Structures are given as structure tokens and as C-alpha cells.
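Here the structure comes first, spelled out in C-alpha cells, and everything after it is commentary.
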Amino acid sequence: MRRTRLKLGSSPCSWGIWFPDDRRQMPWQRCLDEISKVGYEWIELGPYGYLPTQTEVLKKELADRSLAVSGTFTMGFLDDPDYWPALEAETIGACQSLVSVGAGYLIVIDGVYADLSTGEMLRSDTLNDREWRALIDTTHRIARIAEHHGLRAVFHPHAETHVETEEQIERFLADTDPELIALCLDTGHHAYRGGDPVAFYKAHADRIEYFHLKNVDPEIMEQVRLEGIPFARAVQMGVFCEPVHGAVDFAELAQALADTGFDGHATVEQDMYPAPPDKPFPAAKRTYEYLMGIGL
């Protein structure tokens, strides 16, 4: 079997972590312990404030578990100039944190246009040409900040943002500078919005430098589509399932990655919030063994 050379990692979201502090989330010590116990060597930091924010403390806790950091995210309304001061500060802070722990990637995500829990519209789900240009310009500004810190920026299309469908992602790639910004392809979000992530990778391998690997349950996804269920409720229903069971063909993806010689980072995610404390580890262990078994 041809194998890829992925730097396979995990993220706190696979352990039910969505917020810096929430009584329904497990302690960070247990989260790190279990990620390491599964066999992962890489981790994303997750929401700022969940893991220790003091650099030396964080470095020691990671080193004690033989974990290294691949990246973390900055997220905000990229089309809104009024949001830039807060987003700029968040971006600089994220870059400084990443540099301090030896990470290489800043993941850029647009802000969600609907309330994650209720589905209530917060903003329009479409942008006019002026707003789209602002989104592109802001993405470039963030990427330049990352570059200044010695980091590579990758853009993460995300459900219920202004870059979520294949058509929107194609437009984004056409309008952005490949020297400044690459793509983080989240296989789960891509399928959630009706796309084929494997075919998309084959068509755009030259722009995709980072992966989030997850899958969607096709039956739940159809219910979500028909009933207009908001994203957070869909997550609670289990729309993101273990990779072996979902709509995305991970064996085909493994072959495509091998064919192109992809050797970058791939963070395995199975978004679940809230998560029963004893659910994440067995699921993550099965997923890790499955992905290793198909050559990832």
C-alpha cells in the first residue's frame, strides 16, 4: 500500500471543546492526556484560553506528552472594516503564541453569518462585490501579519460563512495571492455544504497545504438540509461521524494524497459539542487506527 507522509494530528474539538471555559467540557489536562494516548504527535491549540496561556507552562505540558503544535486559528468578519481592529489584535496574539511554541501555520476563518445554536441570521449569507473585495483584502492583510511572524497562512472554508460552497471557494482561490495564502481543506465542512472534497483536492492540489480530516453522516446531513437545521444542532445530532462511516471516501483521498506526494499537516477532527466525557477517546482511537490502516 502506498502511504502518504502526513503529519497527523488532532484538535480539542474532537474532545467536545468549543469554548475557552464551559462546564460541559472536560479539563484540559484530560484532553491532552487522551490525545497523546491515542498516538497523535501533533495538536492544534483550539479556542484561546482553554489550554494554558502561559508559554512556559504550555510548552512543558505539551512536551510532557510528546505533543507539538501545528497551528491555531483566527476568526472574524473579514468583510467588515469595523471589525478589523479586534481581528488584527487577535491575529497578532495568535501569531505570537504560535511562534512561542514552534508552530508553523495560522488558520484563517471568516465569521459565521448565523447564530451557531439558534440558526438566527446575524448577517446576510451573501456578499456584494464591495464586501467580497473587503474579505479578500482582509485575508491578505492577515496573511502578511502571519508572514511577518514567519508563519504560513491557510484559509479554512467553513459552514455558515461567506466562503463555504465550492463555487465560493473557487472564487476565493482565483482572487487571492497564492504566495500569501494557501487553503486548509476541511473535508467535513466541504461535504456538509454539498461538495466533493476528494475531487476538489485533485483539482486544486497546488493550493491546498493543510487538511482538517472529518466526515459527515449522509442521512443526518439530508435531514439537516431538508429541515434547515442550524450548524450547532447538526453537530449535536452527530452529523460529523467517524471517517469510516461517512460520505467522504477516505481511501480515495489517501490515494490522491499519495499520488501528489502531499506531506503536510492533517488535523483529524470529529466535532462534537457537548460531548459525554467517555465518548471522545474511544472514537478517536478507532479513527486513528482506521486512518493508519488506509495509508494515512
Side-chain angles (χ1 to χ4, degrees), residues 11-25 46-50 72-91 94 107-136 138-139 142 155-169 171-172 184 186-195 212 214-241 247 269-276:
S11 173
C13 70
S14 292
W15 269 256
I17 311 304
W18 272 18
F19 302 102
D21 184 28
D22 189 295
R23 61 180 177 80
R24 292 180 290 182
Q25 297 176 169
Y48 183 78
Y50 176 68
T72 196
F73 66 88
T74 186
M75 184 174 185
F77 299 112
L78 302 177
D79 65 297
D80 188 346
D82 292 337
Y83 197 79
W84 173 246
L87 183 57
E88 181 183 34
E90 177 184 323
T91 298
I107 301 162
V108 185
I109 309 176
D110 187 30
V112 294
Y113 56 69
D115 185 279
L116 288 176
S117 299
T118 66
E120 178 185 357
M121 295 297 291
L122 304 174
R123 294 167 178 251
S124 172
D125 62 355
T126 58
L127 300 179
N128 60 36
D129 288 344
R130 176 185 58 80
E131 292 166 332
W132 178 263
R133 188 67 250 170
L135 181 148
I136 298 299
T138 300
T139 299
I142 292 172
F155 187 87
H156 180 323
H158 191 290
E160 297 186 353
T161 72
H162 296 110
V163 187
E164 57 178 336
T165 67
E166 285 198 349
E167 181 180 4
Q168 291 166 338
I169 303 169
R171 183 183 182 189
F172 178 88
C184 168
D186 186 305
T187 58
H189 281 269
H190 200 93
Y192 186 91
R193 277 301 182 237
H212 282 175
K214 58 176 171 276
N215 215 338
V216 293
D217 182 306
E219 293 184 2
I220 297 177
M221 191 62 254
E222 181 65 7
Q223 182 183 355
V224 168
R225 186 187 67 81
L226 290 174
E227 300 180 16
I229 295 171
F231 181 74
R233 175 60 184 147
V235 171
Q236 293 171 10
M237 293 166 60
V239 70
F240 293 120
C241 60
E269 296 183 333
Q270 185 182 345
D271 277 300
M272 51 178 91
Y273 175 84

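Predicted model, so just to flag it, every value in this text is computed and none were measured. Basis for what follows: all heavy atoms, side chains included, without hydrogens, waters or symmetry-related copies.
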Test of understanding: with side chain to side chain contact (heavy atoms under 4.5 Å, CB included), list the residues that count as partners of Glu131, not counting sequence neighbours.
Asp79, Leu127, Asn128
Straight-line distance of Trp18 CH2 to Asp271 CG, nearest 0.5 Å
6.0 Å
For residues Pro85 and Pro81, report the shortest heavy-atom separation together with the two atoms involved.
CD-O, 3.9 Å
Counting only heavy atoms not in Glu167, do more than 12 sit closer than 6.0 Å to its CD atom?
no
NE2-CD1 distance between His156 and Ile109, expressed to the nearest 0.5 angstrom
5.0 Å
With a 3.5 Å distance limit and no angle check, can you tell me whether Glu164 reaches the backbone of Glu160 through a side-chain donor-acceptor pair?
yes
Nearest heavy-atom contact between Gly195 and Glu166 is CA-OE2, 3.4 Å
Set of residues satisfying side chain to side chain donor-acceptor pair (under 3.5 Å) with respect to His189, sequence neighbours excluded
none
On a heavy-atom basis, the closest approach of Tyr192 and Ala234 is OH-CB, 3.6 Å
Thr74 side-chain N/O to Val108 backbone N/O, donor-acceptor pair under 3.5 Å
no
From OG1 (Thr72) to OH (Tyr48), nearest 0.5 Å
10.5 Å
Out of curiosity, Asp125 CG to Thr161 OG1, how far, rounded to the nearest 0.5 Å?
10.5 Å
Measuring from atom CE of Met272 to atom CD1 of Ile17, what distance do you get when rounded to the nearest 0.5 angstrom?
10.5 Å
Mind listing the closest non-hydrogen atom pair of Ala191 and Val216 along with its distance?
CB-CG2, 3.7 Å
Show every salt bridge (charged side-chain N to carboxylate O under 4.0 Å, His left out) that has at least one partner inside residues 13-25, sequence neighbours left out.
Asp22-Arg24
On a heavy-atom basis, the closest approach of Gly16 and Ala275 is CA-CB, 3.8 Å
Is there a side chain to side chain contact (heavy atoms under 4.5 Å, CB included) between Gln25 and Trp15 once you walk through the steps?
CA-CA 8 Å; Gln25 297 176 169; Trp15 269 256; over 6 Å; no
Quick check against the 3.5 Å criterion: does Asp110 have a side-chain atom that pairs as donor or acceptor with the backbone of His162?
yes
